Number of protein chains: 2
Amino acid sequence: MAKSSKIPDPTIERLAQYSRPLEVLLKNGALLILSEKLAELCGVSPAQVRKDLAYFGEFGIRGVGYDIRALLQEIKHILATDREWTLCIVGMGNLGRALVENENFQRRGYNFVAVFDSDPKKIGKTLPCGLTIEPANKIRELIRKLGITIGVISTPPFEAQRVANLLIDSGIKAILNFAPTRIRTPDNCAVENVDFTVKLENLAYHLGKIS
Amino acid sequence: MAKSSKIPDPTIERLAQYSRPLEVLLKNGALLILSEKLAELCGVSPAQVRKDLAYFGEFGIRGVGYDIRALLQEIKHILATDREWTLCIVGMGNLGRALVENENFQRRGYNFVAVFDSDPKKIGKTLPCGLTIEPANKIRELIRKLGITIGVISTPPFEAQRVANLLIDSGIKAILNFAPTRIRTPDNCAVENVDFTVKLENLAYHLGKIS
DNA sequence: CCTATTATGTGCATAAATTCACAATAAGCT
DNA sequence: AGCTTATTGTGAATTTATGCACATAATAGG
Ligand SMILES: NC(=O)c1ccc[n+]([C@@H]2O[C@H](COP(=O)([O-])OP(=O)(O)OC[C@H]3O[C@@H](n4cnc5c(N)ncnc54)[C@H](O)[C@@H]3O)[C@@H](O)[C@H]2O)c1
Ligand SMILES: NC(=O)c1ccc[n+]([C@@H]2O[C@H](COP(=O)([O-])OP(=O)(O)OC[C@H]3O[C@@H](n4cnc5c(N)ncnc54)[C@H](O)[C@@H]3O)[C@@H](O)[C@H]2O)c1
C-alpha cells in the first residue's frame, strides 16, 4: 500500500528509469522480468528494484517475477503518466525547437500545445510540428484557455525568473527549467532543473583525477 | 586537504552549481560572499556549502567570508574546468545542433571540435559554428588526431550503445549521453546521462499527488 | 593590546538511502 | 498432497549524506 508520505525522492527518479527498458521489452513481446534482470538493465541492485516497487504495492509474483505489462502499467499509474498532460514552451531558440520537434514527449503523453517567444522576428512563424510561435504577452491567456499544467523554460538565464513568475501567475503548477540558473517558486509549484554543463563538470572532475 | 577518495558524489554536483552564481557575482564586481548567501542562491543550507568546500581545503576567512574570485578559481580547479577540454558530438539532429551552437559550453572551456552523423544527406554540411559534419566512419581517426577526450551522444537510443562502443574503442574516457537508454562502459570510461523525460515524470508524479 | 563580533571549519548527532539476509509464498514436479 | 525450487517482499544492519552547535580564527574598535 502507498505509504505515500515516506517515498524517497530517488525512488521516483528510478521508477521512470525502470519504465524505459520495460517498454522496449514489452514491444519485443517479453512477458516476464526478474528484479535481477531489470536491475542489470538499469544499473542498480536487485534489492533496490524490489524495494522501490514495494513502496507502492506487491506487483510481483514470488518465485516467478514481474508481469511486464502489469508492472509498466503500475509504474505509469504511480508516476501519473497514464494520462495526457498539456505543456507549453517559453523561449523558442535552438533548444526550444529541438524539444517541440522531439516526438518522444508526445509518445509519453506530454503534449506541447503552445510555444512562446518574445522576439518579433520569431512570433507568428509556424513550426514543422504545426504550432505557431505566440508572443510572450499571450502566455497568461493561452495557459488558461488551453488548460496547460506544465511549463518549460528555455530562455536565456537572465529571463528565466521573470518567465517563471509569469507562468506561476497564470496558474502553472510545474516547471521544467533548462536555463542554467535557479528559479524560485512557491511551494505549490514544483520545479525540475536540467543543466547539461553540471553533468559535464561531473565528467571533467572524474577525468581530472585520472589524467 | 583532498581526502579524494571520500568525497560524496552530491558534493561534486553542488560545486558546479555554486560556480554559476559566483560567476555572475564576480562579473558584477562583488568581492566577498558568505556561505549563507551562496546557500540561499543555490537552494541549500549554509552548513552544506561550508562542508562541501571544506572537503578540499580552507578557502574562506573566518569572521569574514569567501573571496569570490579565489573561491571560483578553487572550484574550477577542483572540477578540472580551469583547463580546456575537446569534445565531439555524434548525432547531429535537432539536439546535436542546439548543443553545438550553444556558446555556454565554449565559455566554460568545453570546445566542440568535431561533429558526426551517419546520414549521407547531413554529411559534409557546414554549420553556423563553422564545423563540418563528418561521417561516422571517421570517428576513430578524428578523435585520435584531435585528441578528443569527451564524447557526446545525441543519436536515437537504438544507436547509442553502438556509438558508445565506437567512442570507447577510440580512446574516449568520458561520455555525455542524451539518448534515453543506459549505455554500458568499462570502468575507465565515465558516463553521465541526461534524460529530460525522467525529469518530466518527476513533475508528473508531484502533480498527480495534488490534482 | 585586549575585547567584542562575526562567520568559518568541523566533530558529533541525526536523517536518509541502500544493502543484506531471510521469511513468505507461488509454481512445478513427483 | 507434499516436497523442492525460485524469487519476491521486508525488517534490520549498514552506509551515506545532511544538519547542528560550538570551538576556532580573523577583524575591528576602543
Ligand atoms: N542549446 C543548448 O544546447 C543548451 C544547453 C544547455 C542549456 N541551454 C540553455 O537553454 C536556454 C535556451 O538555449 P538556446 O540555445 O535555445 O538559446 P537561444 O538563444 O537560441 O534561445 C533563447 C530564446 O528565448 C527567447 N526569449 C528571450 N527572452 C524571452 C522572454 N522573456 N520570453 C520569451 N522568450 C524569450 C529568445 O528570443 C530566443 O528565441 C538557455 O538558457 C541556455 O543556456 C541550452
Ligand atoms: N530533441 C530533444 O529535445 C530531445 C530531448 C530528450 C532526448 N532526446 C534524445 O536525444 C537524441 C537525439 O535527439 P534529436 O531530437 O536530435 O533526434 P534526431 O532524430 O533529430 O537526430 C538524431 C541524429 O542522429 C543521427 N544518427 C543516427 N544514427 C547514427 C549513428 N550510428 N552515428 C551517427 N549519427 C547517427 C541521425 O542521422 C540524426 O541526424 C535522441 O535519442 C532523443 O531521444 C532529444
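Proteins get letters first, then strands, A, B, ... in listed order; numbering begins at 1 in each. The shown structure was predicted, so the numbers you read here are calculated from the model rather than taken from an experiment.
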Inset, instruction - Nearest whole angstrom, please: distance from the C1' of C:dA7 to the CG of B:L38. - result: 14 Å

Legend entry - Any side-chain donor near an acceptor of the partner, A:Y110 and A:N104, under 3.5 Å: no

Inset, instruction - Output all residues satisfying side-chain hydrogen bond (donor to acceptor under 3.5 Å, both in side chains) with A:E40, sequence neighbours left out; order by chain, then residue number. - result: B:R184

Inset, instruction - Give the intermediate values and the outcome of salt bridge (Lys or Arg N to Asp or Glu O under 4.0 Å) for residues B:R107 and B:E103. - result: CA-CA 6 Å; B:R107 204 158 41 70; B:E103 83 292 343; 5.1 Å; no

Inset, instruction - Kindly indicate whether the side chain of A:T149, heavy atoms from C-beta on, has any atom under 4.5 Å from the side chain of A:K173. - result: no

Legend entry - Nearest-Å distance for atom pair CD/C1', residues A:E40 and D:dT7: 17 Å

Inset, instruction - Could you check how far CG of A:L53 sits from P of D:dT8, rounded to whole Å? - result: 10 Å

Legend entry - Distance, rounded to the nearest Å, where B:E74 contributes CD and C:dT8 contributes C1': 15 Å

Inset, instruction - Tell me, yes or no, whether the heavy-atom count around B:E101 atom CD, taken from other residues, nucleotides or ligands under 6.0 Å, exceeds 12. - result: yes

Inset, instruction - Round to the nearest Å and state the distance from B:Y66 atom OH to D:dA25 atom P. - result: 15 Å

Legend entry - Check: B:S170 side chain, B:L166 main-chain N or O, donor-acceptor pair, under 3.5 Å: yes

Legend entry - Residues, nucleotides or ligands: over 12 heavy atoms within 6.0 Å of A:E192 CD: yes

Inset, instruction - Supply the atom-to-atom distance B:R20 CZ to A:R182 CZ, rounded to the nearest 0.5 angstrom. - result: 14.5 Å

Legend entry - Test log, rule side-chain contact (heavy atoms from CB on, under 4.5 Å), inputs A:C189 and A:I175: CA-CA 7 Å; A:C189 179; A:I175 293 175; 4.0 Å; yes

Legend entry - Protein-nucleotide distance (B:F59, atom CZ; D:dA25, atom P), rounded to Å: 18 Å

Inset, instruction - Any pair with a residue in residues 143-179 of chain A that passes ring pair (Phe, Tyr, Trp, His ring centres under 6.0 Å), sequence neighbours left out, goes on the list, sorted by first then second residue, please. - result: A:F178-B:F196

Using a cutoff of under 3.5 Å, can you pull out all pairs of nitrogen or oxygen atoms linking the protein to nucleotides 2-4 of chain D, with atom names and distances?
none

Legend entry - Non-neighbouring partners of B:N202 that pass side-chain hydrogen bond (donor to acceptor under 3.5 Å, both in side chains), sequence neighbours left out: A:E13

Legend entry - Side chain of A:L34 (C-beta onward), nearest among D:dT8, D:dG9, C:dG9: D:dT8

Shorter than 3.5 Å, N or O on both sides, protein versus nucleotides 26-30 of chain C: list them out with atom names.
none

Legend entry - Value in whole Å for how far the C1' atom of C:dA7 lies from CD of B:E58: 13 Å

Inset, instruction - Give a yes/no on whether any side-chain N or O of A:S35 is located under 4.0 angstrom from OP1 or OP2 of D:dT7. - result: no

Atom pairs, N/O to N/O, protein against nucleotides 16-20 of chain C, distance under 3.5 Å?
residue : atom : partner : partner atom : Å
C:dT18  : OP1  : A:R14   : NH1          : 2.9
C:dT18  : OP2  : A:R14   : NH1          : 3.4
C:dT18  : OP2  : A:R14   : NH2          : 2.8
C:dT18  : O5'  : A:Q48   : OE1          : 3.3
C:dT19  : OP2  : A:S45   : OG           : 3.1
C:dT19  : O4   : A:K51   : NZ           : 3.1

